[in-house]
Structure formats: structure tokens, C-alpha cells
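Report on the following structure.
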Amino acid sequence: MTVVGHIRPAADDAPPRPERAALRWRALGLAITLLLWTVVLVLCLVPLALVLVISVGQKVEGAGWEWGFTAENYIRFLVGAQWPAETTFLYLTQLYWSMRYAVVASVIAVVTALPFTYLMTRQSRRAQALWLVFLLATLSLSEVFIVMGWDIILSNNSGLPMLFAASGLTDWLKATGWFDVLRDWGLANPRNVKFKTSEFATVLTMSYLVWPYAVILLYPALSRLDPSLAEAARTMGARPWTVARTVILPAVRLPLLGAVLLLFVFLLGGYVAVTVFADPAKHTTAVSVYEHVRGSTLNAPFGAAQSVILLVTAAVFLVIGHRLSRTSRGGG
Amino acid sequence: MGTLDRRTLLTRGGAFAAMSAASGVIGTPLIAQARTLRVGSYGGYFENSFKEHVFPAFTAATGITVESVTQPNSSDWLVTMQQATAAGSVPTDISLYARDTMIKASRLGGLIKTLDISKVPASANLDPYFVFDAGQGPLGVGAMSWFTAMVINPTEVSQAPASWADFWDSSKYEASLGLSKNFNALFLDIAAATFFDGGETFATDEGILAVIAKVAELKPNVALWWSAESQMEQAMKNGDVIGGQYYLDVSNLMAAEGFPIRPIFPKEGNPQDYGSWCLSAISDKDAEAAEFMNFSSDPATQALMSRKIGTAPLVAREKTDLTDDEFAFTSGAPAIKPAYEAYLDKETFIKEAWDKMVAGA
């Protein structure tokens with residue numbers, strides 16, 4: 001006699017037995033697991049597989065592209081389309097700028113958010129709550145909106161350059177010779193200072209963009225920090241800087257590293273700030289991906305190859321970060 | 001302001017188009033008796049002007065109702081149409097393609113239908129150049145055209161340049177110009193017309209590289225390499241740049257609103273690009289489409305579009321009743337014809353060489 005044959009007649013008249021209910025729960029659990037896997041498969045793995053497959057596709061000059069199996073998109077990323085006749089590191093340079101902006105902006109954001117968050121956690125609970133609500137609310141501003149705002153702040157007739165000119169600072173700079181230095185740095189034209197396009201504006205906007213995230217990421221660790229540790233150090237005669245360096249920083253080392261890594265990955269795909277504020281010589285892989293996939297050449301394979309490389313780079317950085325945090329945890 | 005969006009609507013166009021497509025399918029049975037036609041255009045002010053002024057005039061003349069479909073002015077739309085054609089249902093009967101996109105569509109194949117040009121007699125008003133034929137018969141009938149003009153800020157530049165070559169003068173324009181970052185935004189055609197033999201220079205790789213090298217000399221004077229139309233608009237308004245390349249019609253609109261911008265036709269001229277009406281390969285509205293293209297080719301319609309949308313007419317000026325001012329608002333001479341074929345045949349080469357030059361890599 002099978003189990004099914006045993007249960008079925010009982011189902012009509014008898015109340016469900018405990019094992020039957022358990023079976024039903026297990027079926028439900030299985031269904032949910034299956035559903036989750038389907039979602040992961042459809043939303044993550046299938047698109048990723050598609051990108052991988054497209055990245056080995058073949059570009060047709062003057063038209064679109066077709067399925068294929070070629071490494072030329074990856075080779076182009078390393079040495080350019082004209083290789084071996086000619087070599088260019090254009091795309092590697094773009095990858096370098098992706099990294100550079102993401103690293104610099106995320107470090108600046110975390111480093112400036114740290115003292116702010118620390119001071120915030122020393123406030124009353126009500127003040128903390130207000131700050132957190134305010135910061136969470138600013139997250140609703142999109143990248144486009146923030147870039148637009150900085151665009152206006154840095155513009156010639158409506159922003160900082162106007163203040164420079166109106167306050168006489170521009171004339172002063174011209175009189176003292178600093179203006180020529182700024183022109184050499186690309187931060188001035190013959191008429192006035194200019195902040196667009198510049199690496200300064202790009203990094204500024206990117207770190208501004210992720211700054212609230214940095215605070216929110218650091219907040220839990222800093223608010224759990226026992227104030228008596230710092231007080232003890234102070235009573236033993238340590239100066240505030242020594243307290244920060246020897247007590248607070250070591251205690252939040254891991255959250256700091258985690259925050260930098262997360263913001264780094266987030267900024268790696270930044271697009272709007274770079275297109276608006278960066279000189280084309282300092283554009284990133286994300287911009288190039290967009291141009292090739294959506295631009296007039298319809299070169300989706302090369303765009304896909306670039307995104308695969310960007311993805312691999314991000315993964316490498318995450319693995320290194322993970323290693324670092326494990327070593328530091330072991331050492332601490 | 002609306003018109004400023006029309007070429008930048010690239011990303012949103014697809015979604016709008018899909019929505020319009022859905023509504024088209026739902027709406028069909030209700031108006032089955034009436035003759036209808038779905039026509040694509042670039043959205044924003046541009047499309048609104050079509051809906052307000054051009055389509056009603058067409059309906060009044062022929063009794064055919066037009067359903068307007070928003071599409072982007074870019075190769076993006078080819079991907080949408082390719083997928084839609086494969087799925088057996090396209091969002092629009094007639095698409096509006098710039099010439100390079102149209103050539104690309106003809107090379108991709110299976111996207112646009114050959115037209116029976118005898119059903120479009122008014123197309124004789126157009127220069128034959130504007131009725132595109134890739135070898136298997138006419139594929140597109142010119143709709144309207146637009147210029148990319150030299151622009152300056154008249155309050156900063158007292159003496160208007162007589163030649164594009166003036167922009168290379170760093171004593172006047174150091175870090176002060178706005179040029180398009182896209183390799184096929186026709187600045188190469190400008191440089192070729194100014195310093196080389198125009199379109200012929202694009203015949204060889206060496207010629208193309210020489211033109212790109214000439215543009216490289218201009219780099220110290222470029223403050224903004226714009227990728228979206230709105231970036232250049234803002235930069236001119238804000239005084240971040242005092243000259244560069246920009247669309248003639250939009251520049252005139254901005255000037256009319258009081259902003260410090262003045263479009264100029266220097267002695268080499270400005271590049272003229274144009275859009276064509278093309279019929280989807282799987283549309284069965286051949287007759288309606290022919291009537292629409294015929295109506296669009298009429299000098300009166302060309303003048304109407306110039307007045308209401310700001311596009312340049314594709315028929316000789318004498319055939320229209322446009323006044324001097326109205327004509328100068330949208331058009332001018334001489335016109336530089338872009339080297340479309342080279343941009344397509346050598347697209348990877350030109351794009352990479354241009355990108356390298358712009359990036360200084």
C-alpha cells in the first residue's frame with residue numbers, strides 16, 4: 001500500500017492529520033523556493049547570459065550586428081579596433097577613469113560623512129531622528145536632479161563664476177597672476193573662472209550624490225559605539241584627535257571599508273554626472289557602453305563586452321575588499 | 001521650450017511608442033470603417049505642432065485620420081521596429097528617419113517597403129536627392145530638413161566670424177566653444193568643407209584622419225563637448241560657451257525669446273540634414289501612406305511646416321509663399337551635404353578615430 005493510497009480515502013471524512021498539514025507546508029515551502037529561483041533566474045541570470053552571448057556577437061559595418069562567436073570586441077577593448085595596424089588604449093583609459101572617479105568620490109564621501117555621523121550620534125534621539133529623516137528624504141532626489149542643481153551652481157551667469165566676477169575675486173586673481181595658473185589647470189577661460197568641465201566638478205557631484213548613503217551606512221556602527229570608551233580615554237589624558245585615531249576609528253574600521261566598497265560599486269555605473277561635468281578625455285566605461293548600445297552605430301556586442309569587463313572589475317574589487325576585511329577582522 | 005526636446009527624446013520614445021502601439025491595437029475595431037494612418041514623429045513641441053497644424057490639414061484634405069506616434073530621431077528606433085516587425089505588429093505605419101538611419105534601415109533589410117512613387121506625384125516638387133533609392137526602388141520621401149548652424153553669443157563676440165576657420169583662433173575663442181561630441185554630428189563635414197575638398201575627402205582613410213587631425217587643433221578652444229541638445233542650450237544661456245555648432249531652428253527660437261545667441265551662415269555654409277517618411281514593410285496602408293507623402297511634398301505643406309514647426313522646406317523657395325524672414329528662420333545657403341555613406345561604411349573606424357581625438361588618447 002502506497003502512502004498516497006493510505007491518505008486519500010481519509011481526506012473525505014476525517015480532519016487533516018498533522019503529517020498532512022506538514023506535507024502541505026513543505027509543498028508550499030518548495031513552491032516558494034521554486035518561485036524565488038525562477039525570479040532569480042529570469043531577472044538576473046538570463047539577462048546576464050544574454051549580455052555574455054551578445055558580447056561575442058559580430059558587428060556589421062553600416063548596419064547592426066549579428067550573432068556570432070568572436071573575441072574581437074574584447075580585443076578592441078584592450079587595443080582598439082584597428083589593431084594590429086594601430087593600437088589605442090582609449091577604452092582602458094575609460095575603465096581607469098571609471099575606477100578613479102568611483103574610488104575618489106566614495107572615499108571623500110565616507111571620510112567627510114564619518115565626523116558628521118559621529119557628531120550626529122552624540123545628539124539627542126529626537127535630533128538624530130530628524131537628521132535621519134532629512135537624509136532619507138534627500139535620497140529621493142535622482143542623479144539627474146542633483147546634477148542639474150550643481151550645473152546651475154557652477155554655471156557662468158548663475159553660479160560661482162558669477163560670484164567670483166561680482167565680488168572682484170576674478171580681478172584679484174588676474175592681478176595676482178593666479179588666474180593664469182587656473183587657466184593652466186583648465187579652471188578658467190580668458191573671461192572668468194570656469195568649473196565645467198572639470199574633474200573637480202565630477203568628483204564633487206559624485207560624492208555629493210552618495211553622501212547620504214555614507215551617513216546611513218555608518219550610522220548603525222557609530223551609534224552602537226559605547227561613549228564611555230571615548231570618555232575613559234579622555235579622562236586618561238588623551239587629546240580628542242588621539243581618541244578619534246586610537247579608539248573610534250579602529251572600532252568602525254569594518255563599516256568604513258564596507259561603506260567605501262558599496263559606494264564604489266554604486267558609482268562605477270555613474271552616467272549623468274560624468275556626461276555633464278567630465279571632459280571627454282576623462283569619460284568612463286559606462287558612458288562608452290551607452291554610446292555603443294544606444295548610439296548610431298548600434299554596436300551592442302561591443303557595448304556588452306565593455307559591460308562584462310566593468311562587471312568583472314567590480315567583482316575583483318569586491319573580492320579584494322572582502323579579503324581585506326577578513327584580514328583586518330582576524331588581526332583585530 | 002518644447003521644441004528643444006525633440007531630438008533629445010531618444011530614451012523615452014521607445015516607451016511612448018509601445019504605449020501608442022497598444023492603444024492603436026485596442027482602437028482599431030472602433031474606427032474600422034474610417035481610413036486611418038499611424039505616423040511617427042519626434043515628440044515634444046515637434047510632434048505637438050504636427051498634431052495641431054499638419055495632421056488636421058491632411059485629414060481635411062483627404063478624409064484620412066492620423067494617429068500620431070512618438071518615436072526618437074535615432075538608430076534606436078530601428079531596433080524597436082526590427083523587434084516589432086519580427087513580432088508581426090509594428091507601432092506605426094510611417095516612420096520619420098534621418099537619412100543615415102534610413103540608409104541603415106535599407107541595409108538591415110525587411111524594415112521598409114518600396115514605394116510606388118507614381119502614387120506620390122507631388123514628390124516631383126522635391127530635389128531627386130530627397131527621394132531615396134537604395135537600388136530596388138524608392139524607399140523614402142523627404143519630409144523636412146534642418147540645419148546645424150554656426151552660432152555665437154553676439155554680446156561676447158562683437159565681429160561675427162566670416163568663416164568656420166575663425167573658430168580655430170585661440171586668441172578669441174580659448175575654452176569658449178560648444179561642439180557636439182558625436183562623431184556623426186557633422187562637424188567633420190564642416191571641417192572638410194572649410195579646410196579640405198568637402199565630401200570627397202571622406203573617400204580615403206587618410207583623408208578622414210586628416211580632417212580629424214584638423215579638428216584636434218580646435219580642442220583647446222572647446223569648453224563643452226555636448227551629447228544632449230539641452231546641454232548646449234544651457235551652456236549658451238549661461239555664458240559657459242560663446243559659440244559653437246547648434247540647430248538653426250532652435251537657435252532662432254532662443255534668440256526670439258531674448259537669449260544671447262545668433263546663428264550664422266559663414267562662407268563655407270552649414271550642414272543640412274533631413275528626415276524622410278518611410279513605410280513599414282509589414283504595413284498594409286500603402287494607399288494612405290502615398291496620399292500622406294503626396295500631401296507632405298506639396299509646397300503649401302512644406303511652407304506650413306516651416307512656419308509652425310521651424311523646419312526648412314525641401315522644395316525650392318520660389319514654390320512656397322514664405323517671406324524672407326520666415327525663410328531665413330529655418331534655412332540658408334550654402335548648404336553642406338553630409339558624407340552619409342562614409343559615416344556608415346566606416347562607422348567603427350570613424351567613431352573610434354574621432355573618440356580618440358576627442359579624448360586625446
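Just so it is clear: chains get the letters A, B, ... in the order the sequence lines come, proteins before strands, and each one is counted from 1.
Separation of atoms NE2 (A/H283) and OG (B/S227) is listed at 6.5 Å; rounding is to 0.5 Å. A distance of 11.0 Å separates CG of B/N221 from CG of A/N189, quoted to the nearest 0.5 Å. Of the inter-residue distances, the one linking B/D76 atom CG with A/L298 atom CG reads 7.5 Å to the nearest 0.5 angstrom. Atom CZ of A/R294 sits about 11.0 Å away from atom OG of B/S75, to the nearest 0.5 Å.
Ranked by heavy-atom pairs shorter than 4.5 Å toward chain A, the options B/L344, B/D240, B/L108 are led by B/D240. For the options A/K196, A/R191, A/K194, heavy-atom pairs under 4.5 Å to chain B are most numerous at A/R191. The most heavy-atom pairs under 4.5 Å with chain B, out of A/N299, A/T297, A/T197, come from A/T297.
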Side chain to side chain contact (heavy atoms under 4.5 Å, CB included) assessment of A/K59 paired with B/T348: CA-CA 9 Å; A/K59 168 81 181 116; B/T348 302; 4.2 Å; yes
Stepwise side chain to side chain contact (heavy atoms under 4.5 Å, CB included) test for B/E352 and A/Y91: CA-CA 10 Å; B/E352 192 164 290; A/Y91 308 105; 2.7 Å; yes
Working for salt bridge (charged side-chain N to carboxylate O under 4.0 Å, His left out), residues B/K356 and A/E86: CA-CA 12 Å; B/K356 256 168 71 180; A/E86 207 189 311; 2.3 Å; yes
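Shown here for B/K181 and A/V287, the closest heavy-atom pair between the two residues is NZ-CG1, 4.0 Å. In plain terms, the two heavy atoms of B/N238 and A/N156 that are nearest each other are O-CB, 3.2 Å. Nearest heavy atom pair, residue A/V276 against residue B/Q231, reads CA-NE2, 3.8 Å. For the residue pair A/P280 and B/A359, the shortest heavy atom distance occurs at O-CB, 3.8 Å.
Looking at B/N184 and A/S296, their side chains do bring a donor and an acceptor atom within 3.5 Å of each other. For B/Q234 and A/S155, the side-chain atoms include no donor-acceptor pair closer than 3.5 Å.
Within 6.0 Å of the OH atom in A/Y208, the count of heavy atoms belonging to other residues, nucleotides or ligands does not exceed 12.
With a 4.5 angstrom heavy-atom cutoff, B/Y173 does not touch chain A via any of its atoms. When heavy atoms are compared at a cutoff of 4.5 Å, B/V222 does not approach chain A at all. Only the side chain of B/E156 comes within less than 4.5 Å of a heavy atom in chain A; its backbone stays farther off.
Using a cutoff of 4.0 Å between basic side-chain nitrogens and carboxylate oxygens, B/R107 and A/E61 are not scored as salt-bridged.
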